[in-house]
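Taking it in order: structure first as structure tokens, then the write-up.
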Amino acid sequence: MLVVMKHRATADEIDAVVDTIRELGYDARPIPGALRTAVGLIGNDGHVDTARLEGMPGVAQCITVTQPFKQVSREWKEDDTVVELANGTRIGGTEIAIMAGPCAVESEEQILTAARTLRDMGATVLRGGAFKPRTSPYSFQGLGEEGLRLLAKARDETGMAIITEAVDPDGVDLVAEYADIIQIGARNMQNYPLLRRAGRSDTPVMLKRGMSATIDEWLLAAEYLVAEGNHDVILCERGIRSFNTYTRNIFDLSAIPVVRELSHLPVVADPSHATGIRSKVVPMARAAVASGADGLIVEVHPDPPKALSDGAQSLYFEQFAELMEQSRVIARAIGRDLLPALASPTASS
Ligand code: PEP
Ligand code: MN
């Protein structure tokens, strides 16, 4: 439930509402907005004394959040959440964030070549899995902590932020030591112990949609993260399973405007896993930007045929350059833009 304060409510009036909610045995969270502050009542069991709250000075009204997901809903918070990273990347603002890199970190040379080139082409976040949740137990599983160290080296050299996956609850703290964003993969979207652990981290989390998850299930999974106290959550649409065999998944583009309406959280699109085919990635990246995605996460490899995972969907650098150019034109056509490229470390020092 939300206790909506009047436009001119004072800080003392807001504090009094918070205290009363706590006295009633619930948790309270003030949510400042552009027009007014609301106080979220967490854990509504249907027995809240709304009359008592509505009678308090400065209170405009109490609103019941009708969605099953509460804190991630637009009803709860009207203004867009913007996740800000240490290198200045903002995900969820007017400008679109570009995350790119190989599926997996394979070697120092591979990740540094990718980072340098992608940074120069305008990406501000470097992706690369160190722990890979592979469909087959015999496939390359990632370099583990050594992969994280190589990502950190790439960040030190290029200034890019790092996004990389945590695959189990015990791995969250280790990944958070190195990463700017913890990725939770499609296969783990409903791994509740993992969600709870990542929800207790103060590192932003990107939650990929499960391959057969409904939008409600996806948002409820995000609610786990926020309910544990992590408000820096980014959603990622990466395609869902269907009967078509021409692409790896079906890119559910309509989920992007749907989720942007239902939730204040930023939504990033992953046209690489959604299509699984290199030649389909750039067209679907264009479509994702047109549909309102707040960012793109794309697999790019210095030598795609030699990639140890997801080579068939990994772009060549030239294709990524084309993606950047075309995405920028589309972003501008809808009143947005791509985030500016990072200043080169040599120029700024
Ligand atoms: C990945 O990002 O490389 C990955 C494994 O993605 P997903 O969880 O969407 O399959
Ligand atoms: Mn991949």
Side-chain angles (χ1 to χ4, degrees), residues 97-106 110-111 114 118 123 125-137 139-144 147-148 151 161-168 171-172 175 179-191 194-195 198 204-213 215 217-218 221-222 225 233-242 247-253 255-256 259 267-278 280-281 284-285 288 293 295-315 320:
I98 306 295
M99 312 182 189
C103 179
V105 182
E106 298 169 2
Q110 175 241 21
I111 198 67
L118 295 169
V125 182
L126 177 67
R127 65 148 291 145
F131 298 95
K132 295 303 301 174
R134 303 304 300 282
T135 303
S136 162
S139 301
F140 174 60
Q141 306 283 313
L143 296 181
L148 297 177
L151 286 167
I162 300 298
I163 178 165
T164 192
E165 182 162 356
V167 292
D168 49 40
V172 166
V175 167
D180 297 280
I181 306 174
I182 302 167
Q183 175 172 320
I184 295 189
R187 289 159 191 77
N188 270 319
M189 188 203 83
Q190 286 177 312
N191 179 339
L194 175 61
L195 295 174
V205 176
M206 187 178 84
L207 179 65
K208 293 188 123 187
R209 180 176 178 187
M211 37 188 109
S212 56
I215 288 174
E217 286 165 343
W218 184 21
L225 295 163
V233 175
I234 302 155
L235 299 165
C236 176
E237 165 58 45
R238 48 78 72 205
I240 48 172
R241 274 280 161 80
S242 187
T247 50
R248 184 173 176 182
N249 290 295
I250 302 292
F251 197 9
D252 186 3
L253 273 178
I256 293 169
V259 164
V267 191
V268 163
D270 175 348
S272 305
H273 292 87
T275 62
I277 304 164
R278 188 178 303 127
K280 307 295 175 287
V281 172
M284 297 320 286
L296 296 174
I297 182 161
V298 186
E299 288 186 343
V300 189
H301 193 286
D303 190 359
K306 297 221 174 77
L308 296 182
S309 63
D310 286 348
Q313 68 197 32
S314 298
L315 298 184
F320 181 72

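All ligand and atom numbering here is 1-based and tracks the order in the structure.
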Check this for me - ligand 1, [X], N or O atoms closer than 3.5 angstrom, yes or no?
| X | answer |
| --- | --- |
| E165 | no |
| D310 | no |
| G185 | no |
| H273 | yes |

So for C103, does at least one of its heavy atoms come nearer than 4.0 angstrom to any atom of ligand 1?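 Yes, C103 has heavy atoms under 4.0 Å from ligand 1.
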
Is the closest heavy atom of R209 to ligand 1 under 4.0 Å?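 For ligand 1, residue contact (heavy atoms, under 4.0 Å) with R209 is absent.
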
If you take all heavy atoms of A186 and R238, which pair is closest and at what distance?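 That would be CB-NE, 3.3 Å.
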
Which pair of heavy atoms, one from P102 and one from Q110, lies closest together, and at what distance?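 Scanning both residues, the minimum pair turns out to be CB-NE2, 3.3 Å.
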
Quick check on contacts: which atoms of ligand 1 are under 4.0 angstrom from a heavy atom of [X]?
| X | answer |
| --- | --- |
| R127 | 1 (C), 2 (O), 3 (O) |
| R238 | 7 (P), 9 (O), 10 (O) |
| R187 | 7 (P), 8 (O), 10 (O) |
| A186 | 7 (P), 8 (O), 9 (O) |

So do [Y] and [X] actually touch side chain to side chain, heavy atoms under 4.5 Å?
| X | Y | answer |
| --- | --- | --- |
| Q141 | F131 | no |
| V300 | L118 | yes |
| M211 | I240 | no |
| T135 | R187 | yes |
| T164 | V175 | yes |
| I111 | L151 | yes |

D310: side chain to side chain donor-acceptor pair (under 3.5 Å) partners, not counting sequence neighbours: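 With sequence neighbours excluded, D310 shows a side chain to side chain donor-acceptor pair (under 3.5 Å) to R248, H273, Q313, given in chain and number order.
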
Residue pair C236, I297: steps toward the side-chain contact (heavy atoms from CB on, under 4.5 Å) verdict: CA-CA 9 Å; C236 176; I297 182 161; 4.0 Å; yes

Nearest protein heavy atom with distance in Å, relative to atom 6 (O) of ligand 1: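 Sorting protein heavy atoms by distance from atom 6 (O) of ligand 1 puts K208 NZ, 2.9 Å first.
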
Can you measure from OG (S314) to CG (D303) and round to the nearest 0.5 angstrom?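 Nearest 0.5 Å value for the OG-CG distance: 10.5 Å.
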
Protein N, O or S atoms lying under 2.8 Å from the Mn ion (ligand 2), listed by chain and number: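 Near the Mn ion (ligand 2), the protein supplies C103 SG, H273 NE2, E299 OE2, D310 OD2.
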
Applying the side-chain contact (heavy atoms from CB on, under 4.5 Å) test to V268, which of I163, I234, V125 qualifies?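 Among I163, I234, V125, the one meeting side-chain contact (heavy atoms from CB on, under 4.5 Å) with V268 is I234.
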
Taking atom 5 (C) of ligand 1 as the point of reference, which of E299, K132, Q313 owns the nearest heavy atom?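 Going through E299, K132, Q313 one by one, K132 has the nearest heavy atom to atom 5 (C) of ligand 1.
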
Under 4.0 Å, heavy-atom basis, I'd like to know which part of M211 is in contact with ligand 1: side chain, backbone, both or neither.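 For M211, there is no contact with ligand 1 at all, from either part.
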
